[in-house]
Student: 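Here it is: the structure, laid out below.
Side chains included, hydrogens not; waters and symmetry mates left out as well; all remaining heavy atoms used.
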Amino acid sequence: QVQLVESGGGLVQSGGSLRLSCAASGFTFSGMSLGWFRQAPGKEREFVAASAYDTDNTYYEDSVKGRFTISRDNAKNTVYLQMNSLRPEDTAVYYCAATAYARDIRTRQNYRYWGQGTQVTVSS
């Protein structure tokens with residue numbers, strides 16, 4: 001049974017940092033690309049960052065480049081999202097996801113497995 005379990009969300013002031021973790025089980029972690037998406041109230045779920053399994057290439061949504069870093073530990077079956085210089089507009093539920101795709105991993109529809117999400121709230 002595939003499971004993705006996020007943790008690390010919370011309330012932080014503008015300019016602060018959080019590190020999200022996503023523990024995976026039930027599939028070959030090293031053979032899957034991992035992504036982070038977020039969904040703010042009233043908005044569609046959007047791409048944040050992704051890590052391709054075959055090349056270790058990483059991809060970021062423009063507004064988080066230079067502030068967020070995705071990383072993965074294949075030995076621990078865990079993917080992380082380090083978020084620095086947080087802004088109120090980063091407030092959302094953050095989801096991790098897994099896909100067998102190695103390309104087009106910015107596309108939400110290409111992800112098969114999803115976690116339940118963790119709330120991140122940035123106060124101004």
Side-chain angles (χ1 to χ4, degrees):
Q1 181 182 358
V2 172
Q3 280 195 316
L4 296 168
V5 181
E6 301 97 335
S7 61
L11 173 64
V12 64
Q13 289 189 332
S14 181
S17 298
L18 284 173
R19 188 176 82 153
L20 305 183
S21 300
C22 175
S25 61
F27 61 89
T28 303
F29 187 83
S30 60
M32 300 285 271
S33 296
L34 284 305
W36 286 96
F37 291 77
R38 64 187 179 187
Q39 187 167 16
K43 295 188 177 181
E44 291 197 355
R45 193 171 299 187
E46 66 175 3
F47 169 76
V48 176
S51 169
Y53 74 88
D54 61 340
T55 61
D56 287 335
N57 285 347
T58 55
Y59 305 88
Y60 296 93
E61 191 269 329
D62 285 347
S63 71
V64 308
K65 284 180 181 177
R67 301 188 299 124
F68 291 12
T69 303
I70 186 172
S71 61
R72 60 192 294 166
D73 186 335
N74 288 342
K76 295 183 177 180
N77 284 5
T78 301
V79 60
Y80 304 96
L81 185 68
Q82 178 66 44
M83 304 186 295
N84 298 329
S85 301
L86 283 161
R87 305 167 180 169
E89 54 264 39
D90 294 318
T91 295
V93 177
Y94 283 70
Y95 298 89
C96 71
T99 176
Y101 283 62
R103 305 292 180 265
D104 296 328
I105 58 175
R106 301 170 186 258
T107 303
R108 173 169 53 95
Q109 290 78 2
N110 288 342
Y111 285 79
R112 180 174 181 181
Y113 303 113
W114 291 84
Q116 83 288 349
T118 186
Q119 177 70 46
V120 171
T121 303
V122 185
S123 63
S124 56

Student: So does V122 get a backbone contact from the side chain of T91, meaning a donor-acceptor N/O pair under 3.5 Å?
Tutor: yes

Student: Kindly indicate, with the supporting measurements, whether the criterion side chain to side chain donor-acceptor pair (under 3.5 Å) is fulfilled by S63 and E61.
Tutor: CA-CA 6 Å; S63 71; E61 191 269 329; 2.3 Å; yes

Student: If we count only N and O atoms by modelled type, under 3.5 Å, do the side chains of S17 and N84 hold a donor and an acceptor together?
Tutor: yes

Student: Less than 6.0 angstrom from the centroid, inside 45 degrees of the normal: does R108 satisfy that with respect to the ring of W114?
Tutor: no

Student: Look at the side-chain heavy atoms of Ile, Leu, Val, Met, Phe, Trp and Tyr, link any pair under 4.5 Å apart, and say whether V64 and Y80 land in one connected group.
Tutor: no

Student: Under a plain distance cut-off of 3.5 Å, with no hydrogens placed, do R72 and N74 share a side-chain donor-acceptor pair?
Tutor: yes

Student: How far does CE of M32 sit from CG of L4, to the nearest 0.5 angstrom?
Tutor: 8.0 Å

Student: Taking side chain as C-beta onward, heavy atoms only, is L86 less than 4.5 Å from L18?
Tutor: yes

Student: To the nearest 0.5 Å, how far apart are NZ in K76 and OG in S21?
Tutor: 9.5 Å

Student: Which of parallel (below 30°), tilted (30 to 60°) and perpendicular (above 60°) describes F68 and Y94?
Tutor: tilted

Student: State, to 0.1 Å, how close P88 and S14 come at their nearest heavy-atom pair, and which atoms those are.
Tutor: CD-OG, 3.8 Å

Student: State, with a plain yes or no, whether a side-chain heavy atom of L20 is found less than 4.5 Å away from one of T118.
Tutor: yes

Student: For the pair T28 (side chain) and S30 (backbone), establish whether a donor and an acceptor sit closer than 3.5 Å, ignoring hydrogens and angles.
Tutor: no

Student: Given the rule in the ring pair (Phe, Tyr, Trp, His ring centres under 6.0 Å) test, do W36 and F47 qualify, once you have shown the distances and angles that lead to the verdict?
Tutor: CA-CA 7 Å; W36 286 96; F47 169 76; over 10 Å; no

Student: Can you tell me how far apart CG (L34) and OG (S51) are? Round to the nearest 0.5 Å.
Tutor: 6.5 Å

Student: Please determine whether ring pair (Phe, Tyr, Trp, His ring centres under 6.0 Å) holds for the pair F29 and Y53, giving the CA-CA distance in whole Å, both sets of side-chain angles, and the decisive distance to 0.1 Å.
Tutor: CA-CA 9 Å; F29 187 83; Y53 74 88; over 10 Å; no

Student: A40 and A92: which non-hydrogen atoms are nearest, and at how many Å?
Tutor: N-CB, 3.8 Å

Student: Transitively linked via ILVMFWY side-chain contacts under 4.5 Å: M83 with V79?
Tutor: yes

Student: Heavy-atom distance under 4.5 Å between the side chains of L81 and R38, does that happen here?
Tutor: no

Student: Could you tell me the separation between the OG atom of S124 and the CD atom of E89, rounded to the nearest 0.5 Å?
Tutor: 10.0 Å

Student: Are the side chains of V2 and R112 in contact, using a 4.5 Å heavy-atom criterion?
Tutor: no

Student: Can you confirm whether E6 sits close enough to Y95 that some side-chain heavy atom of one is under 4.5 Å from a side-chain heavy atom of the other?
Tutor: yes

Student: Do V93 and V120 land in one hydrophobic cluster if side-chain heavy atoms of ILVMFWY residues count as linked below 4.5 Å?
Tutor: no

Student: Is the terminal nitrogen or CZ of R106 (NZ for Lys, CZ for Arg) located under 6.0 angstrom from the six-membered ring centre of Y59 and within 45° of that ring's axis?
Tutor: no

Student: Report yes or no: does T99 contribute a side-chain atom to a donor-acceptor pair with the main-chain N or O of Y101 at less than 3.5 Å?
Tutor: yes

Student: Is any NZ, NE, NH1 or NH2 atom of the basic residue among D62 and K65 found under 4.0 Å from an Asp or Glu carboxylate oxygen of the other?
Tutor: yes

Student: Counting distance only, does the side-chain N/O of N77 pair as donor-acceptor with the main-chain N or O of S25 below 3.5 Å?
Tutor: no

Student: Could you pull out the closest heavy-atom pair between Y111 and A50, with the gap in Å?
Tutor: OH-CB, 3.6 Å

Student: Flag yes if more than 12 heavy atoms outside E44 fall under 6.0 Å of its CD atom; otherwise flag no.
Tutor: no

Student: Is a side-chain N or O of T107 found less than 3.5 angstrom from the main chain of I105, in a donor-acceptor match?
Tutor: no

